[in-house]
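Nothing here was measured: the structure is a model prediction, and the numbers come from that model. What's counted below: heavy atoms across the whole structure, side chains too, no hydrogens, waters or symmetry copies.
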Amino acid sequence: MASFKRLALILMTSCAGAALSACDGANDIASPGTGGNVIINNPAPTPAPSPTPTPTATLVTPATGCPTIADPKGLTDDGTITGPTGTWRVCTLPAIISKSIELPKIAGLLYQLKGRVDVGCDSGFSAPTTAAPRASSTVGCTTANGFTLNGSSQLTADTNVTLTIQPGVILFGGTGTSWLAVNRGNKINATGTSTAPIVFTSRDNVLGINNDASFGQWGGVVLLGRGRITDCNTGTTAAGTCERATEGSADPAVFGGADDAYNAGTMKYVQIRYSGYVLGADRELQALTTEGTGSGTTLDYIQSHNSSDDGMEFFGGTVRFKHYIATGADDDSLDIDTGLQGLFQYVLLIQRAGKGDALMEVDSNGNEGDTPRQVTKVANFTAIQTQLSTDNEANDQASILLRGNADLTLVNGLVISPNNECLRMNGSGTTPATLTARSVVLQCNATKYLGTGSYTAAQVATAFGAGSNNNSDSFINTLASLFVNGATETAVTATDPKTLDSTGFFDTTTWIGAVRNTTDTWYAGWTCNSGYAGFDNTSVTSRSCTSLPTT
């Protein structure tokens with residue numbers, strides 16, 4: 001024990017000496033008058049780099065007022081509206097546009113549809129003449145509203161009103177029942193660009209209170225034409241006088257005639273968001289509804305997003321449409337009806353998980369005496385239903401539904417619906433619906449096919465299997481980024497769509513699906529992104545469907 005104490009004392013003395021010697025350095029200064037207290041001045045630390053500031057979006061400031069337009073009623077300045085993108089001036093369109101107008105793109109300005117907005121006056125199934133004038137079927141087309149009528153208050157010519165919308169313009173439905181009706185004898189010119197699309201949306205979208213589940217907040221866009229249709233309310237197809245009224249419209253919005261080349265105008269690089277408000281019992285609009293429009297109408301690069309009814313619906317006429325995208329439709333993504341003569345190419349249909357009905361519903365009148373039969377061809381399409389819908393209508397039960405007086409051709413297509421049946425055909429009449437399929441692949445559940453009426457599931461399988469380069473037995477998709485072709489898709493032998501149509505509308509393609517590969521980006525830039533379908537840089541807030549473009 002004594003030796004241990006001596007060792008401890010030696011160690012303590014040595015440590016004290018070491019400590020004192022350590023204090024004797026050039027950087028150690030004894031403060032005077034402190035009795036030997038020591039202050040150690042450590043070198044100043046290297047300053048931390050200044051953090052890179054997080055970029056903040058510049059909020060929109062409202063335009064000073066509304067522009068002057070040619071319509072005598074002009075635009076109504078309805079003050080401002082504020083949301084997460086800033087504060088915007090609201091300029092409300094007149095209920096009836098009686099003169100051709102142009103809506104310019106102005107920073108900080110939104111155009112509002114408050115209720116139904118009519119472009120021109122409907123003048124019937126053919127243009128009226130002085131010799132045979134016709135009364136308008138649209139309420140409000142009077143001299144007081146700027147229209148030229150004869151002494152009997154009848155139109156003597158088409159009103160020929162064109163609504164022109166500049167690239168980048170945003171229009172919103174100010175009420176749930178807001179919708180745009182482009183009447184027969186008038187046109188729309190909504191031509192955006194790949195970097196400045198035109199956006200039709202809802203008031204809630206402006207306020208920033210939407211999410212990926214929002215839908216059905218205003219009506220939509222309706223193009224009314226003079227093409228041939230079936231299921232007449234009045235007149236007959238044979239006489240060229242067959243007419244129907246828009247489903248659910250309280251006031252007449254009539255379409256039909258005998259002009260299959262009818263030109264309702266142009267819609268290109270357009271988004272239509274959160275549409276599909278209920279107009280009447282079981283009657284809803286969708287993002288875009290064409291009714292008797294003809295082959296003279298230009299439809300290209302249009303996205304429907306979260307429509308509460310169909311993504312788009314096409315009633316009769318002769319439709320030509322390239323680059324159609326439907327995201328999140330609550331019913332069918334593509335719905336075609338009443339004698340449509342339709343050609344579609346580059347079609348991308350993506351449903352929300354657990355929502356939506358058929359990806360395609362192809363229907364027409366079952367009465368074989370009511371012509372024309374529906375004849376529709378869809379080329380280069382990708383249709384995706386990732387999860388079985390809880391809203392699926394009991395009479396549909398498949399991703400593609402074909403029934404009635406309709407003939408459908410599918411070419412270079414992908415149907416990815418692993419939790420659902422892929423194809424259902426309903427046979428009725430002596431010449432029921434028919435299917436032609438070339439270079440189409442299906443990834444579905446074990447059932448795959450359904451047949452009703454005169455069709456059995458085996459007959460549906462035979463109809464599909466009769467085509468060349470089809471595969472429904474072993475195809476497993478390798479799609480990248482949800483919808484871009486991978487190795488398995490690239491390996492499928494394509495069919496030239498031109499060989500199945502003589503009009504010259506289709507492009508020759510050597511691939512199946514809507515998007516050939518990662519270098520094929522026709523869908524990017526002009527679309528909006530959601531949590532379930534991203535088309536480009538999803539970190540750019542202004543590209544989100546829940547936000548507004550601010551440039």
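Not counting sequence neighbours, the partners of Thr142 by the side chain to side chain contact (heavy atoms under 4.5 Å, CB included) test are Ala144, Asn145. In this structure, the ring pair (Phe, Tyr, Trp, His ring centres under 6.0 Å) partners of Phe344, at least two apart in sequence or on a different chain, are Phe314. Annotation: ring pair (Phe, Tyr, Trp, His ring centres under 6.0 Å) contacts of Tyr111 (sequence neighbours excluded): none. Taking Phe483 as the reference, Tyr523, Phe535 meet the ring pair (Phe, Tyr, Trp, His ring centres under 6.0 Å) condition, with sequence neighbours excluded. Listed by chain and residue number, Lys187, Thr297 satisfy the side chain to side chain contact (heavy atoms under 4.5 Å, CB included) test with Asn263 (two or more places apart in sequence, or in another chain). With sequence neighbours left out, Arg89 forms a salt bridge (charged side-chain N to carboxylate O under 4.0 Å, His left out) with Asp77. Residues forming a side chain to side chain contact (heavy atoms under 4.5 Å, CB included) with Asp363 (at least two apart in sequence, or on another chain): Asp337, Glu361, Arg403. Scored by the side chain to side chain donor-acceptor pair (under 3.5 Å) test, Asn160 finds no partners at all (sequence neighbours excluded). Evaluation of the side chain to side chain contact (heavy atoms under 4.5 Å, CB included) rule for Thr201 yields Ile170, Phe172, Val199, Asn205, Arg273, Tyr274, Leu548 as partners, not counting sequence neighbours.
Side-chain contact, Thr289 with Glu313: no donor N or O sits under 3.5 Å from an acceptor N or O. Side-chain N/O atoms of Asn210 and Thr546 include no donor and acceptor closer than 3.5 Å. Using a 3.5 Å distance cut-off with no hydrogens or angles, the side chains of Thr87 and Thr82 do pair a donor with an acceptor. No side-chain donor-acceptor contact under 3.5 Å links Gln286 and Asp331. In the model, Thr191 has a side-chain atom that pairs as donor or acceptor with a side-chain atom of Asn189 under 3.5 Å. Counting only N and O atoms by type, the side chains of Asn380 and Thr509 include a donor and acceptor under 3.5 Å apart. Side-chain N/O atoms of Ser417 and Ser399 include a donor and acceptor closer than 3.5 Å. Residues Gln341 and Thr318 have side chains that never bring a donor and an acceptor to within less than 3.5 angstrom of each other. Asn186 and Thr159 form a side-chain donor-acceptor contact under 3.5 Å, judged by distance and modelled atom types alone.
Taking the charged nitrogens against the carboxylate oxygens, Asp507 and Lys322 do have a contact shorter than 4.0 Å, which makes a salt bridge. A salt bridge is defined here as a Lys NZ or Arg NE, NH1 or NH2 lying under 4.0 Å from an Asp or Glu carboxylate O, and Asp122 with Arg184 meets this definition.
Put simply, the side chain of Asn529 gets close to the backbone of Asp536: a donor and an acceptor are under 3.5 Å apart. Thr177 contributes no side-chain N or O that, together with a main-chain N or O of Gly115, makes up a donor-acceptor pair within less than 3.5 Å. When atom types are taken as modelled, the side chain of Arg228 and the backbone of Gly240 share no donor-acceptor pair closer than 3.5 angstrom. Between the Ser530 side chain and the Ala533 main chain, a donor and an acceptor come within less than 3.5 Å of each other. Between the side chain of Asp309 and the backbone N or O of Tyr277, no donor-acceptor pair lies under 3.5 Å.
Seen from the ring of Phe215, Lys355 does not count as a face-on cation partner, given the 6.0 Å and 45° thresholds.
Within the structure, disulfide bond (SG atoms under 2.5 Å apart) pairs that include any residue of residues 193-234 comprise Cys232-Cys242 (at least two apart or interchain). The salt bridge (Lys or Arg N to Asp or Glu O under 4.0 Å) analysis of residues 202-226, with sequence neighbours excluded, yields the pairs Asp158-Arg226. The disulfide bond (SG atoms under 2.5 Å apart) pairs that include a residue from residues 85-117 are Cys66-Cys91, where partners are two or more places apart or lie in different chains.
Of all heavy-atom pairs spanning Phe147 and Cys121, the tightest one is CE2-CB, 3.6 Å. Considering all non-hydrogen atoms of both residues, Val182 and Leu223 come closest at CG2-CD2, 3.7 Å.
Under the 4.5 Å side-chain criterion, counting only non-hydrogen atoms from C-beta, His305 is not in contact with Ile272. Counting heavy atoms from C-beta on, the side chains of Thr246 and Leu224 come closer than 4.5 Å.
In this structure, Phe321 and Tyr324 have tilted ring planes: the angle between them lies in the 30° to 60° band. In this structure, Trp526 and Tyr301 have perpendicular ring planes: the angle between them is above 60°, well past the 30° mark.
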Open item on the list: Run the side chain to side chain donor-acceptor pair (under 3.5 Å) test on Thr175 and Ser178 for me, step by step, so that the C-alpha distance in whole Å, both residues' side-chain angles and the decisive distance to 0.1 Å come before the verdict.
Closed with: CA-CA 5 Å; Thr175 65; Ser178 299; 2.8 Å; yes

